[in-house]
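Worth knowing before you read on, the calculation uses all heavy atoms, side chains too, and leaves out hydrogens, waters and symmetry mates. A note on names: the letters A, B, ... follow the listed sequences, proteins ahead of strands, and every chain is numbered from 1.
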Amino acid sequence: TLVFSKDFSVAHPSIGVCFPHKNKSTMSGSSNLAAMKKIVQQLRFEASINRLKVSQAAADLQQFCIQNAVQDPLLTGVSSSTNPFRPQKVCSFL
Amino acid sequence: MCDQTFMAATFGPCDSCGKTGPLMNIYIKNEPVNYCSFCVEVMAYRGLQKGETLETLRQESDTLKKKLEEERGKLNDVELHQVAEKIEVVGALSIKTRRVLKGHGNKVLCMDWCKDKRRLVSSSQDGKVIVWDGFTLNKENGVSLPCTWVMACAYAPSGCAVALGDGLDNKCSVIPLSLDKNENLATKKKSVAMHTNYVSGCTFTSSDMQILTSSGDGSCALWDVESGQLLQSFHGHTADVLSLDLSPSETGNTFVSGGCDKKSCVWDMRSGQNIQTFENHESDINCVKYYPSGDAFASASDDATCRLYDLRADREVAIYQKDSIIFGASSVDFSLSGRLLFAGYNDYSINVWDVLKVTRVSILFGHENRISRVCVSPDGTALCSASWDHTLRIWA
């Protein structure tokens, strides 16, 4: 049997939903041929890519952090004089 | 042949055989066509290699999935936090609320910083889009839109326009900003993108000329702003796409997307090819964000965890979670060096994670309702958070 579904993107304020209705099954099931063929093609592609060891990749991520740490205002806590969002120290004339 | 149950969005004559009936909306070489389910199957049979059947394809799919897992597993020689054992612990952070932006009349759903590091745009469920000066709290521009779900907003790289994603009319529009406060900007709204379901995310690419959108219809798309033409579409998610982020790397022409199918996908913008897919989360992925070097990305999910994926190792390398955190994470962003990960949660707090040591450094309290978005300013001096409590906060 065929199922027809309405497009439920209109809000229902009574339910208090934030998003328009999330559709969990927009695509047809993978038991049909076209979808299966696509899945296999995609997997063949993904299986063939080159990968690094985690130790190497993690070392590079760490290296990037360390190299840029000094310039990271939220990490180092930049003083008021250089951070426009922090309150300026008030100076008064004597 | 017994027909497959599917959601039919249209009904009419098939583009291939002409028979009237429920139609599947598919893309052939980026062109949208409507075929009846029979013609779709016929096309698939014609595309089969010698000896391939549904059964052999299914078996191959299972073998490939296992092989993928094995390959990824072989390279997992150490944990990220182990590599980071020798580096210094993050010092105590002195991050506090420095500004509270009041003015929206309903939940603030999205915000984005301008490249000038002081202006920001925010959109709300009351249909209002406001451009603020972050330093002075001055409201520079305001647009009132007829729809009530501006779920996504983005600042153009030039600072001269903003893009808005609509949850009701499924479009993404661009509005040029004007220095004249009295000008009615709503009349200058120009529709660029058209999806068949809500637009959940939008961003300009490297210039004001192209926009990338993600949608509840399960696809992402690249559009030319001037002509409104669809340049490339990206299909592969099997449910709503909730978020996308463009690679910060100058040579990268890729972007990452995450959605309700619990998957995050990396895409090649030019070819439309899905390069990598990650399936680790246990619930909807609400937000994805690239690490500043472009070699990794983080995702925030309703399963109360945030995860870090390294693109060159092709796997998940860290999970940011705690037993005491039980509410979903809605948004994430990295600090400038990538050492800190700011994550907004549905329990009204923002957790600050040490990306390398995989520990929580701090919690930022202040909002009185769910956090919908967190975004670090372009020069890293401040973090802006948008919330369902109708306000935005700037933390520094």
Side-chain angles (χ1 to χ4, degrees), chain A residues 1-5 7 9-11 18-29 31-37 39-40 42-47 49 51-62 64-78 82-87, chain B residues 3-8 22 40-41 44-45 47 54 57-58 60-61 64-65 67-68 71 75-78 80 83-84 87 94-95 98 135 149 167-168 197-198 216-218 238-240 260 274 276-277 293 295-296 310 312-314 317 335-340 356 380-383 394 396:
Chain A
T1 46
L2 297 167
V3 173
F4 296 84
S5 101
D7 186 12
S9 11
V10 181
C18 173
F19 281 151
H21 180 80
K22 282 186 188 176
N23 309 301
K24 298 285 181 162
S25 51
T26 22
M27 309 295 162
S28 49
S31 60
N32 84 33
L33 204 58
M36 206 66 224
K37 179 86 189 175
I39 290 174
V40 169
Q42 180 61 29
L43 285 170
R44 279 182 197 152
F45 177 86
E46 286 183 22
I49 68 173
R51 295 177 187 84
L52 278 190
K53 282 205 177 140
V54 174
S55 49
Q56 177 63 55
D60 288 349
L61 288 180
Q62 185 173 296
F64 184 88
C65 274
I66 294 175
Q67 275 173 344
N68 292 286
V70 178
Q71 291 148 355
D72 186 344
L74 288 169
L75 180 66
T76 56
V78 187
T82 42
N83 189 330
F85 288 105
R86 292 202 177 176
Chain B
D3 226 324
Q4 172 75 48
T5 299
F6 61 93
M7 273 198 192
V40 172
E41 288 295 280
Y45 267 112
L54 191 60
L57 285 175
R58 215 178 260 133
E60 191 179 353
S61 151
L64 283 169
K65 279 191 190 147
K67 180 174 176 215
L68 209 54
E71 292 293 313
L75 300 161
N76 195 22
D77 51 348
V78 76
L80 177 62
V83 170
I87 59 174
S94 50
I95 300 175
R98 306 289 175 177
F135 294 170
W149 258 324
L168 285 183
N197 212 321
Y198 63 90
D217 66 15
T238 50
D240 308 23
C260 293
N274 175 0
Q276 288 165 283
T277 310
S293 71
D295 289 332
D310 189 293
R312 295 174 315 154
D314 188 38
V317 291
S335 69
L336 209 66
S337 65
R339 184 70 193 269
L340 299 175
L356 301 176
T381 50
L383 170 77
I394 297 184

Engaged part of F64(A) at the chain B interface, taking heavy atoms whose separation is under 4.5 Å: both
Interchain contact, L75(A) with chain B, by part (heavy-atom threshold 4.5 Å): both
Pairwise side-chain contact, S94(B) with R86(A), heavy-atom cut-off 4.5 Å (strictly under): yes
Residue, of L64(B), T381(B), I394(B), that accumulates the most heavy atom pairs under 4.5 Å with chain A: T381(B)
Residue part contacting chain A, namely of D310(B), when any heavy atom lies under 4.5 Å: side chain
Shortest non-hydrogen separation from L336(B) to Q71(A) and the atoms involved: CD2-O, 3.3 Å
CG-CZ distance between L74(A) and R339(B), expressed to the nearest 0.5 angstrom: 14.0 Å
Proximity breakdown for L340(B) and chain A, heavy-atom pairs closer than 4.5 Å: side chain
L43(A) vs L68(B) side-chain heavy atoms within contact, under 4.5 Å: yes
Shortest non-hydrogen contact from L57(B) toward V40(A): O-CG2, 3.4 Å
Pick from D77(B), V78(B), L356(B) with the largest number of heavy-atom pairs that fall under 4.5 Å of chain A: D77(B)
Separation between CZ of R44(A) and NZ of K67(B), rounded to the nearest 0.5 Å: 11.5 Å
Shortest non-hydrogen contact from Q62(A) toward V83(B): OE1-O, 3.1 Å
Between L383(B), D295(B), T277(B), V317(B), the one whose heavy-atom pairs under 4.5 Å with chain A are most numerous: T277(B)
Considering all heavy atoms, the nearest E46(A)-Q276(B) contact: OE2-C, 4.2 Å
Shortest non-hydrogen separation from A57(A) to A313(B) and the atoms involved: CB-CB, 4.0 Å
Max heavy-atom pair count under 4.5 Å with chain A, selected residue of N274(B), L80(B), V40(B): N274(B)
For S335(B) against D72(A), the heavy-atom pair lying closest together: OG-OD2, 2.6 Å
Side chain to side chain, N83(A) and R98(B), heavy atoms closer than 4.5 Å: no
